[in-house]
Amino acid sequence: MLTIAITDGTVRPWDDEQTRRIFWHSSAHLMAEALESLYPGVKFGVGPAVENGFYYDVDFGGNQITEADLSKIEQKMIELARGKETFEREEVSKADALDYFTRKGDKYKCELIRDLEDGTITFYRNGAFTDLCRGPHIKHADDIKAVKLTAIAGAYWKGDQTREQLTRIYGITFPKKSMLDEYLVVLEEAKKRDHRKLGREMELFTFSPRVGLGLPLWLPRGSVMRYTLESFLRRKQAEIGYLPVVTPHIGSKDLYVTSGHYAKYGADSFKPIRTPQEGEEYMLKPMNCPHHCEIFRSSPRSYRDLPLRFAEFGTVYRYEQSGELHGLTRVRSFTQDDAHLFCRPDQLQEEFEKVIDLILYVFRTLKFDKFIAQVSLRDPDNKSKYIGTDENWDKAEKAIVEAAEKKGLDTVVETGEAAFYGPKLDFMVKDAIGRKWQLGTIQVDYNLPERFELEYTDADGSKRRPVMIHRAPFGSIERFTAVLLEHTAGHLPVWLAPDQVKVLPVSEKYAEYAEKVCDLLKNSDIRASVDSRNETLGKRIREIALLRVPVLVIVGEKEEADGTVSVRRNGADAGSMKVDEFITYLKSAVAEELA
């Protein structure tokens, strides 16, 4: 087993996620040392580890670097690593730390230090480079055997568009060259699976600068896929007692002040707009849950009415910075498959387990077979980030842990990752090439019912507070679509494909028969269309391959004479069938996929 020595005296396995983060954060320091050597006078912002690798935000003082410069930086990093450098921890006072970076002329580090509380501060040194850092780090720099700097981007200091724009350099490192080689193969495969590329080829969605950054436009084929996903979940939700609701795209600012969202997420929301006559303030909806609380409040509720399960495909709006937008995975407008369950405390455990069952059903149907359930708890050392009492938080966290244990989920606990109003269970899915994505989520909330003064009448006539469960099996339609496209490389199951069948006449002579076959398929609720363009059959098949249509039906002289179709499914010959036999065949395939 490959292990890495850490500055805290431990030796940790490489396979541990925390070890890799320490390794990659140390690599960010090594890159900074290389940059300081190659570009004297550079200044540094922050350089964290990320899920796959690291980055550092750098001020090059008006100079620019390009992709062509990255190989030179890589070589310098390897040279420094081979120099047997170690990472050394040093404790200094806040005044001494500020003095050091003031003399060095690094205004970004000085600003970070001023924001820290008074007391001891830690530096880490590797070779000629010293950085402000909590640590820990790897002990020996020569554990870094392979380096690849992957991208250059712009980033505003502290994410503030009014501040300095820095150069962000991304990279990844490994303790073995073979690991880097394997990673680069996966990276190349990821480029082929990029949902933005597939979205263009499959004609699913687009973006327009005139509409605005981060605001996706769903094309006809993409809209069919989207509606099919929604219908799939709506049917299942109806079976298990969810009630549909619809809420507006805007809400009064007071609504989000009451919920606490304005205080916690105001900076990430679009600013309130004041009406010209009445002077009311409205916001684009950043969350659906306050609206659902008001629906619960709209009528008296009895203990017999609970649980109440309100479900909505609700579009919400968040202000993501332009540099953070990425295809459908980071957008400013997205639709959540949102539901809020209001239940009695004695119903909480059962309801939470039922939501787990629903998410597992979604994952099973769409072949997301590898996942970990992340139990996200609040940070006990920084309770100011959250709302609600300790008692309510303890009850909510206990309910999530017990439900996950009862369902036998493979779990990991992450402290500090809770929502501001309650703990949650996040499902971290691995796709076909091993990348991790956060998809479904379930959250327990005692706090919003208190803030909205929700109540029901109990059996003894007393007024009680319901417990609220937030849940979204997809997370959002946009993000889920992106992940699904990359997981399947665009080869969607038949039930979900925008075009389930393309009918291809071998020549225009058989176009009429092709249309007749297509009409029969449509009459059986099969999504089908004809491609009778004046192009060779081979060219049409190649172009349709880009659309990832799962089933092709080819008709010619023999098929017209026999009343049959020649079927190809996912590129393989499925034989010749009568049209009614083909309809039965396709219906059976869909039923099997959804079983």
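- The local environment of NZ in Lys72 is crowded, with over 12 non-hydrogen atoms from other residues, nucleotides or ligands closer than 6.0 Å.
- Residues Val92 and Ala97 approach most closely at CG2-CB, 3.8 Å, considering heavy atoms.
- Side-chain atoms of Asn392 and Glu450 form a donor-acceptor pair, as typed in the model, at a separation below 3.5 Å.
- Here the side chain of Arg330 pairs no donor or acceptor atom with the backbone of Leu325 at under 3.5 angstrom.
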Might you work through the salt bridge (charged side-chain N to carboxylate O under 4.0 Å, His left out) test for Glu164 and Lys107, ending with a clear yes or no? CA-CA 11 Å; Glu164 300 89 339; Lys107 63 180 181 180; 3.1 Å; yes

Please assess Arg103 against Asp99 for the test salt bridge (charged side-chain N to carboxylate O under 4.0 Å, His left out), listing each intermediate value before the final yes or no. CA-CA 6 Å; Arg103 286 185 285 106; Asp99 178 65; 3.0 Å; yes

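- At a cut-off of 3.5 Å, with distance as the only test, a side-chain donor of Thr10 or Arg12 sits close to an acceptor on the other residue.
- No side-chain donor from either of Glu391 and Thr389 sits under 3.5 Å from a side-chain acceptor of the other.
- For the side chain to side chain contact (heavy atoms under 4.5 Å, CB included) with Cys289, the lone residue among Gln336, Gln443, Met468 that qualifies is Met468.
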Given Trp157 and Glu111, is the side chain to side chain donor-acceptor pair (under 3.5 Å) satisfied, shown in steps? CA-CA 11 Å; Trp157 173 234; Glu111 185 175 335; 3.1 Å; yes

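- With ring centers used as reference points, Phe44 lies under 6.0 Å from Tyr56.
- Aromatic rings from Phe123 and Tyr100 are positioned such that their centres are separated by under 6.0 Å.
- For NZ of Lys430, the number of neighbouring non-hydrogen atoms (other residues, nucleotides, ligands) closer than 6.0 Å is 12 at most.
- Using modelled atom types, one finds a donor on one side chain and an acceptor on the other under 3.5 Å when comparing Arg125 with Thr130.
- Note: Arg332 CZ to Leu284 CG = 12.0 Å, rounded to the nearest 0.5 Å.
- A pairwise comparison of heavy atoms in Gly490 and Leu198 identifies N-CD1, 3.7 Å as the closest pair.
- Remark: Arg82 CZ is loosely packed, at most 12 non-hydrogen atoms of other residues, nucleotides or ligands lying under 6.0 Å away.
- Between His140 and Ala5, the closest heavy-atom pair is CD2-CB, 4.4 Å.
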Please report the C-alpha distance between His29 and Tyr124 in whole Å, then the side-chain angles of each, then the deciding distance to 0.1 Å, and finally whether the ring pair (Phe, Tyr, Trp, His ring centres under 6.0 Å) criterion is met. CA-CA 9 Å; His29 283 227; Tyr124 272 86; 7.0 Å; no

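- Across all their heavy atoms, Val331 and Glu320 have their closest contact at O-CG, 3.4 Å.
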After noting the C-alpha distance and the side-chain angles of Glu414 and Lys424, does the key distance pass the salt bridge (charged side-chain N to carboxylate O under 4.0 Å, His left out) rule? CA-CA 10 Å; Glu414 291 290 346; Lys424 54 183 179 171; over 6 Å; no

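- The side-chain heavy atoms of Thr120 and Ser93, taken from C-beta on, include no pair separated by under 4.5 Å.
- Using a 4.0 Å cut-off between a side-chain N of Lys or Arg and a carboxylate O of Asp or Glu, Arg89 and Glu91 qualify as a salt bridge.
- More than 12 non-hydrogen atoms from other residues, nucleotides or ligands lie less than 6.0 angstrom from NZ of Lys197.
- In plain terms, the two heavy atoms of Tyr386 and Asp379 that are nearest each other are OH-N, 3.0 Å.
- Annotation for Leu184: atom CG counts as buried by contact number, over 12 foreign heavy atoms lying within 6.0 Å.
- Nearest heavy-atom pair, Ser259 versus Leu448, reported as atom, atom and distance to 0.1 Å: O-CD2, 3.2 Å.
- Residues Tyr256 and Tyr282 keep their aromatic ring centres 6.0 Å or farther apart.
- Between Phe23 and Trp14, the distance separating the two ring centers is shorter than 6.0 angstrom.
- Using a 4.5 Å cut-off on side-chain heavy atoms (C-beta onward), Pro136 and His25 make no contact.
- Between Trp393 and Arg378, some side-chain heavy-atom pair lies under the 4.5 Å cut-off.
- No donor-acceptor pair under 3.5 Å is formed between the side chain of His249 and the backbone N or O of Lys285.
- Looking only at atom types and distance, the side chain of Asp431 has a donor-acceptor partner in the side chain of Trp437 under 3.5 Å away.
- For the pair Leu217/Val211, a side-chain contact is recorded, criterion being any heavy-atom separation below 4.5 Å from C-beta on.
- Heavy-atom contacts from other residues, nucleotides or ligands closer than 6.0 Å to CD of Gln64 number 12 or fewer.
- Separating the OG atom in Ser252 from the CD atom in Glu280 is a distance of 7.5 Å, to the nearest 0.5 Å.
- Leu112 contributes atom CG, which lies 5.5 Å from atom NZ of Lys158 (distance to the nearest 0.5 angstrom).
- Atom NE2 in His137 sits 7.0 Å away from atom CG in Asp131 (nearest 0.5 Å).
- Separation of the Tyr170 and Phe54 ring centroids does not fall under the 6.0 Å cut-off.
- Atom CG of Asn126 and atom CD of Glu33 lie 5.0 Å apart (nearest 0.5 Å).
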One pair to check against salt bridge (charged side-chain N to carboxylate O under 4.0 Å, His left out): Glu478 and Arg226. What are the steps and the verdict? CA-CA 9 Å; Glu478 287 74 11; Arg226 175 187 171 122; 3.1 Å; yes

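- For the pair Asp337 (side chain) and Phe474 (backbone), a donor-acceptor distance under 3.5 Å is present.
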